[in-house]
Amino acid sequence: MTDSQTAAPQTATVPAPAPASDREPLLRVTGLTRHFPVTKGLFKRQVGAVRAVDGIDFSVNAGETLGVVGESGCGKSTMGRLVTRLDEPTGGKIEFEGADITHLGVGAMRPYRRDIQMIFQDPYSSLNPRHTIGTIVGAPFRLQKVATEHGVKKAVQDLLELCGLSPEHYNRYPHEFSGGQRQRIGIARALALKPKMIIADEPVSALDVSIQAQVVNLLDDLQQELGLTYLIIAHDLSVVRHVSDRVAVMYLGKVVEIAERDSLYASPMHPYTNALMSAVPVPDPRRKERRERILLTGDVPSPLNPPSGCRFRTRCWKAQDICASQEPPLTAAKAGHQVACHFPENSATE
Amino acid sequence: MYVFRRLVNVVFMLLVVAAVTFGIFFMVPKLTGSDPALLYVGKIADKAAVEGIRHKMGLDKSIIEQFWLFLKGIFVGRDFNAGVDVTHCSAPCLGYSFKTEREVWPLLLDRVGVDFSLAVGASILWVVLGTGTGVVSALRRGTLLDRITMTGALAGVSLPMYFTGLVALAVFANNLGWFPNNYTDFADDPLLWFEGLVLPWITLAFLFAATYARLSRATLLDVLGEDYIRTARAKGLAEPVVIGKHAMRSTLTPILTIFGMDLGGLLGGAVLTEKTFNLRGLGYEAVTSIASSDLPVIMGVTLFAAFFIIMANLLVDMLYAVVDPRVRLG
Amino acid sequence: GGHKGGTTGDSAGAKGAAGFNAAVDKVVNASDKKGGTLNLWSSTDVDSLDPGRAYYASVWNFERFYARTLLAFDGKPGKDGLKLVPDLASAQPEISADGKTYTFKLKSGLKYEDGSVITSKDIKYGIERVFAQDVISGGPTYLINELDQGQGYKGPYTDTDPNKLGLKSVATPDDSTIVFTLAKPNSDFPYLLAMGSASPVPQKLDTGAKYGDKPVSSGPYKFKSVDPGKGYELVRNENWDPASDPFRKALPDSVKLTITTNADDMDSRLLAGTADLDWGQTGLSQAAQAKVLQDNALKDNTDDAYNGFIRYVSIVPKVAPFDNIHCRNAVLYAADTTALQTARGGSVAGSLFGSMLPPNILGSDDYDPYGLTKGKPNLDKAKDELKQCGKPDGFKTTVAVRGNKAKEVNSAVALQTALKAINIDVTVDQYDGKLISSVIGAPDVVHSKNYGLIVMGWGADYPTGSGYLQPLVDGRFITSNGNNNFSEINDPAINGLFDQAAAEKDPAKAADLYKQVNHKVVDGAYYLPIVADKALNYRNPRLTNVYITDAFGEVDFQALGVSDGK
Amino acid sequence: MTTPTETTGPAAGAEPEANSAAAVAKKIEGRSPGRIAWDRLKRDKVALAGGAVVILLILAAIFAPVLTALFGHPVDQPHPDQINPDLGLPKGSFGGINSDFLLGVDPTFGRDVFSRILYGARISLLVAFLAATVSVLIGVVMGIMAGYFGGWVDSVISRVMDVLLAFPQLLFSIALVSVMPNSLLGLNDTGVRVLVLVVVIGFFGWPYIGRIVRGQALSLREREFVDAARSLGAGKAHILFRELLPNLVAPILVYATLIIPTNILNEAALSFLGAGVRPPTPSWGQMLSDAVAIYQSDPTYMVVPGLAIFITVLAFNLFGDGLRDALDPKGN
Amino acid sequence: MSINDKPFLSVRDLKVHFPTDDGLVKSVNGLSFDLEKGKTLGIVGESGSGKSVTSLSIMGLHRAGGKRGAPQISGEIWLDGEDLVAAGPDRVRKLRGQKMAMIFQDPLTAMHPYYTVGAQIVEGYRAHHPGVSKREARKRAIEMLDRVGIPQPDKRVDNYPHEFSGGMRQRAMIAMALVNDPSLLIADEPTTALDVTVQAQILDLIRDLQKEFGSAVIIITHDLGVVAELADDILVMYGGKPVERGPAATLFESPEHPYTWGLLGSMPRLDRELQDRLTPVKGTPPSLINVPSGCAFHPRCPYAELTGGRSTTEVPVLAEAAPQHHAACHLPIAERHRIFADEIAPRL
Ligand SMILES: Nc1ncnc2c1ncn2[C@@H]1O[C@H](COP(=O)(O)OP(=O)(O)OP(=O)(O)O)[C@@H](O)[C@H]1O
Ligand SMILES: Nc1ncnc2c1ncn2[C@@H]1O[C@H](COP(=O)(O)OP(=O)(O)OP(=O)(O)O)[C@@H](O)[C@H]1O
Ligand SMILES: [Mg+2]
Ligand SMILES: [Mg+2]
Ligand code: NI
């Protein structure tokens, strides 16, 4: 049975994730920080800060997919917005192809926008309801003043076709499409300028289960075909496993674990990652009795006032005194597997 | 602390209003080349007389100095020369009317009574009637009753109040002779006060009730679609409780907001109502003082009106915090 | 129609004396019955009760209750009321041969309400107050013009004289003698002394700008309460000696003046008999007027008297093409005076009038060379005049009118329509009514705005030909601001006639001179008189001694009494 | 796990996938948002009636000279024969209505009320429309800037709107109207009055639009398509006027239609208070103002302009209400 | 049939149709199922398949009267021997909150923002226990909050909903629903708005409470994982109709309906080997106004041709495929099993 949904050719093999070391990172993020000031009073005195992203480091190599998971409010979207420069970082550095793009202005950033594109979470709000599909998908050409061989219309129609939509949709409005189709339109727009990297913030979480798979497959196919690099943000561990080569786990504005996909899913080292994995409901009634679940107590603490030391310690069953006083650094516990924990699981030292 | 900050804000806004008003009405005679002093000399203008009056009104001072004196009068009071001796006008002193040479502050306090009487009676009427009809037609949505009341409300919104007022006067005061069109102070005779205000109240209430009916209907319909109403029903609460307790509380909050604004606006003078019903309130005073370039009175009325509107806003904001626990004042 | 109004029938029928316009030249309900309260009502407040500061005719009329003057208008109906009789003065003044010195002797035993004696110094002090225009503003300033004589006197409040009596032109050799020395003869001077601004003010009780809150009475009534904007009450002044007073009757025990906010309400009270008289005497509101005119019983209680005003259109010869008399004539002939009258409210509001001296002033006559009182335009003549003017195809001009006076705007519009008939294209320019002094009162502005026509009205401050006409037509009265001679007439012949009249001691001869001035002005086609103003006023039938005095064009308040003693 | 934030409307989403051969039931015509609103509006008979009246009124105002020539008398022509000279009131009952004077004559002059109402409509509508334009222009620019930029821009604009709303605007309008010269910028007296009315009414009206636009812009700013445009390198102007503005068209249109009746009432109110255009140029508020003095003896003269205002305002409100419902995304 | 023979909850041929401007929306179109006390039924299906409408119908929460928004409901809903469709609104209201209770998806909007959590629980309690004093009711509220695992319940009882975190709010909702010991609890997507870790807590809580109170539970979700965790029986809905019904274990092991296959195939699973590609269901969910003729799933069904045209003309009925396992599919049972074994199972 073949999937007749997508126009892109299928590949029979899972692309084996290449070792990270021998590739030049396309995107490198160091010490990235974003604090949202909380102000009060007549003179807008700053009384605190929401430490949405609080010093994270990672890099993404060309052609690979980095998945980012974490609970609601841990700073995933903020991170995504910082990397795409929709938001101004408070600190740290973002390098794209070796160039520092951390504080570029609208104009200076414009050339880079061709190479870094974004797919948004909500297929309803990410398309301007008053623009036709042609306008929406053609916007990148106009904004970047890119000349197209056979005119913008042709280019747009090609893109639509590439993303599994009919070229006749050119003059339609977004409200005439279903969620899955809209997400395809969003993807077509992101692809217009042939970017090198695509950042996708929860690209499928607003979609119905049966549609979600269509979009995931499309993303897969496009990566194959166009050699794209993805940074995919999601909270669904199963989806992330499916799409990623490497996965970063975030907790309260920090990356607590970052590893090759298989290594992470096979032997998660951070207690939080463990808890997350065990909490995912498995669609298999027979397994439900056998599974041992790690039930975390309490809620995620407020990013306004994160716990000292290790941020997870308030919910961690392994926490000890050192966790409160010392913040564990993100260190390589084994090849291609970094973790920030004083007492990591599944590690050789345990 | 919050209240203090807001009060500072109120004072600031009033200062802005005062400065702008002062500026405009100080500049206007300059622009039109008219000398306010000329307005107050007798029929045959005599140069010396004009000079004398200009000096007496303080119009020979610079605008900054005049404004400064005005502010000083409000906060610490100021002195006026009455010829034989110097009279002190104690704070809050809005000066003396150019025209009547009466102190402005007591004059306005006297006038505001009319607007107060107007506002109190009318607002009770319109809130009760307006929200009442709005709620009933929301609950009977789509029925004939709903359609009739809402068409009526739209008509109410579309009727100019000076027209409604005149029709009311023609019918009830003139033809039927039910209500006299004459204002009596409450202190003088409560019954006559009431009788004299019935028509203005009804006219005003008619206009506002229409707005409130539309607003409360729309809000209630919105609220009825809220999830928490469904929850209340899911708990098995009786329908009157669901409506009366859960829906109404949320419905009244936005109504409170515009009620505050409307009341504030009315207290600061209802020019059209006052003209239609021949009432002498702040609005009347405002119009006559503008007609006679009576700057101290203009300033007074403007500040009074702005004060009421701003205070009403403040009050509404604070009440909002009481009603809605999600609103934090800080 | 049915008789819907109040209960006025019985008295009107019983006495039978009253009738429409009965009080115009007769005394209605003559009676000496004392007691009761006179209820005056007004929809406008007094401008000031301080006799030095009031300018409303009704206040001047009202002052006769509490402020006596050396001379005063006699308490008689019609023209008889124009005569000045000695009031505080024991007799008519002694006038020096050159007509410049007036010497008055005061009656003896004159007292203020507090029992203190009224002296000639108080009269001088009262006059001096008027000079302090920075304090005592708003009143007539004729006395300053006559008496300052270059001294630059600034009033008693800044007077360095120990007794604050530094005004040189007035002397008080003793407490009962006062001598005025004028710079040049002025036969109108006695009228100036009959104004409230020449009434005595006791220096001790003077409160300066606030004197109007509690004027000290020298007349038959004193103030019991003063409540600005609401009402005033006068009660008997026990220290007033009827014997010293030549004409005041002082019939009611008290006089109340109630200020209402609502003219309609006042009119319905009048018709219902719960109010006695409109203090403002400005006429019934249109609704009440319609009602009264359609009901003869009610109409019998009304008077439609001249109030001393003429409504007119100034034609400005300084603005082309009105520099040519024929163009001015054309306007006069083309004017549809009936339409103009209707615009002011019809025949009730004024009668057609051909000249510029109102009927209540000595010297007035029926002079009407342009046939204005015929009520119809004479288009043939108008066109002929146009031709003579060299503008056979008409021309454009602008009429200036106060925007806040509906009747004047209506007049302007009516004139505009009428002149269209002879191709005069009139633009109606409404200016802010409070800016009279600086718009039409400023000849420069008039010229620059090309105001060829100006709608206005005028009433005399004192009922003589010069009181009425001089500000309007004497070229020496033209000022750069606050001018009233809009037509800028500066005819040496006219000016000379005024000087002649001023030196004339015989009023009848002076009247004749004013008649000549009037005719000259009319012949010069400087003015288009619209109407001699009238006001339809209602009098409560219970009032006694009602008559209209030409001195104010109003019912003489001080003579009134109430028949029922209530 | 999915988080369906919005259910795909069955009708709107029933479009078959491009390359799925099997067609799902009814194929829905591609309808633009404006088209959808128009279809909805067409079903609202009351709103359509309101709209029809509005159009008729506009036509009547435009063709006032023609209509007057056909059915009336020249606006400023007095008819003394229609007036009782003693009372200054129209002869005959009901304000002198007869076959010649369809709506009677005005007191004092006996001018044709029918013509004056028509010419009054010109002033009313002209002022209302122009003032609405002024309000919308300022309100949209200010509101969109405050909403999109936030921060101090928002603070300043919001504060200005607060102050403006706290100002006793009627007083200012009266004051400003009364001091204006009679000719300005080559306009005649009526022109100047209209200009001043437009400026004053329009200026005091913008905060209402501004607030609405600001609120909408605030929420639109959070929509991801704004980020999408930014991520494509769009500048501020592009975002404000290409991305946000088209989405504001609906509320702007609705509030523009709803501000017009308010403006008509305001113009009439100012005329009523004597601060409108000056006689003999007729206006409805001025006629009512004249009528105050004589409503007891000539009620017709009060009723006619009153009803004219009422009908006009009602028609605009009905239409505006319908438009709002039609353009309301929640409506279906 | 005597009352005792009836299952505790029995829905028979339920139809819920909404008249709208665009046409009749057939949100639920012939739904039947039974549920016993102590059992949990999971209802799964895509967005818009009629899950919520079903639960609201049972609760009698669709708006009655008026013209707009009121659905046409037909069929029978028997709860403990009483037909809720036939019963008057007053009767249903009395049962609501007492015998049957509901937990909603978004606890923040489902609670009144102006009243404290405690007050809202107390209100539900006192509505059905009129004699109880306020103090007793408050004690009960604190007890319930404690029961659902809210720390310091005696303090938290006076908090407003916005002062709670998402997980706590959902717990409070549960406390509110359980305050009258209902024998039927309907949970409509109770964890969709929550994080996985919190979701796990809530699912545990529901399971424990059910064991303790022995009530019947309907859990509605589109997450197959969630139903697998909780449900004894599963009902799969598509386009307002049930397409498959059966015990949880069998349904996951040998699903009968192509749509169920599609659902299972389209979700990536942590418990399986990583596949290269997911197997999506092609196309989009059907319009409920113009439901495709015959089998509503046929436009999206890869095997529609194999029915010999029946799928486009004939509406399939829920037929027993295995004991207690029903499916509405035109494919012959054998064919289905073959396809599943050959094509589907290897990919899952
Ligand atoms: N503009 C902002 N101002 C203040 N705080 C913000 C702002 N944007 C985000 N935050 C806060 O920063 C934190 C991280 O937010 P972010 O949206 O990045 O989380 P997330 O991981 O994407 O969550 P979710 O899964 O819910 O999308 C949250 O606590 C949020 O409240
Ligand atoms: N009041 C209503 N009027 C018209 N249609 C309605 C109404 N309520 C629900 N519907 C329609 O009924 C269908 C079923 O809705 P329902 O809410 O039951 O779906 P659901 O399965 O719960 O979906 P979700 O997973 O998104 O919650 C939807 O197409 C919806 O649009
Ligand atoms: Mg996010
Ligand atoms: Mg649902
Ligand atoms: Ni894949």
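Predicted model, so just to flag it, every value in this text is computed and none were measured. Every chain is numbered from 1 and lettered A, B, ... according to where its sequence line falls, protein lines coming before strand lines.
- Interface residue Ala229(D): only backbone heavy atoms are found under 4.5 Å from chain A.
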Decide yes or no on side-chain contact (heavy atoms from CB on, under 4.5 Å) for Arg113(A) and Leu232(D), but give the supporting numbers first. CA-CA 6 Å; Arg113(A) 299 248 175 238; Leu232(D) 291 168; 5.8 Å; no

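- Contact of Leu127(A) with chain D is made through the backbone alone, with heavy-atom distances under 4.5 Å.
- The one candidate from Gln117(A), Arg189(A), Arg81(A), Met109(A) that meets the side-chain contact (heavy atoms from CB on, under 4.5 Å) condition with Ser231(D) is Gln117(A).
- Here the shortest heavy-atom pairing between Ser126(A) and Ala228(D) reads O-CB, 4.2 Å.
- Interface summary for chain D: among His131(A), Gln144(A), Arg114(A), the most heavy-atom pairs under 4.5 angstrom belong to His131(A).
- Distance alone, capped at 3.5 Å, is enough to place a donor-acceptor pair between the Glu224(D) side chain and the Asp122(A) backbone.
- Listed by first and then second residue, the salt bridge (charged side-chain N to carboxylate O under 4.0 Å, His left out) pairs involving residues 255-265 of chain D amount to none (not counting sequence neighbours).
- In this structure, Pro129(A) and Arg223(D) have side chains that are in contact, with non-hydrogen atoms separated by less than 4.5 Å.
- Along residues 233-246 of chain D, the residues that come nearer than 4.5 angstrom to chain A, judged on non-hydrogen atoms, are Gly233(D), Ala234(D), Gly235(D), His238(D), Arg242(D), Glu243(D), Pro246(D) in order of number.
- With a 6.0 Å radius and a threshold of 12 heavy atoms from other residues, nucleotides or ligands, Tyr170(A) has its OH atom above the threshold.
- When every heavy atom of Leu86(A) is checked against every heavy atom of Asp227(D), the shortest pair comes out as CD2-O, 3.6 Å.
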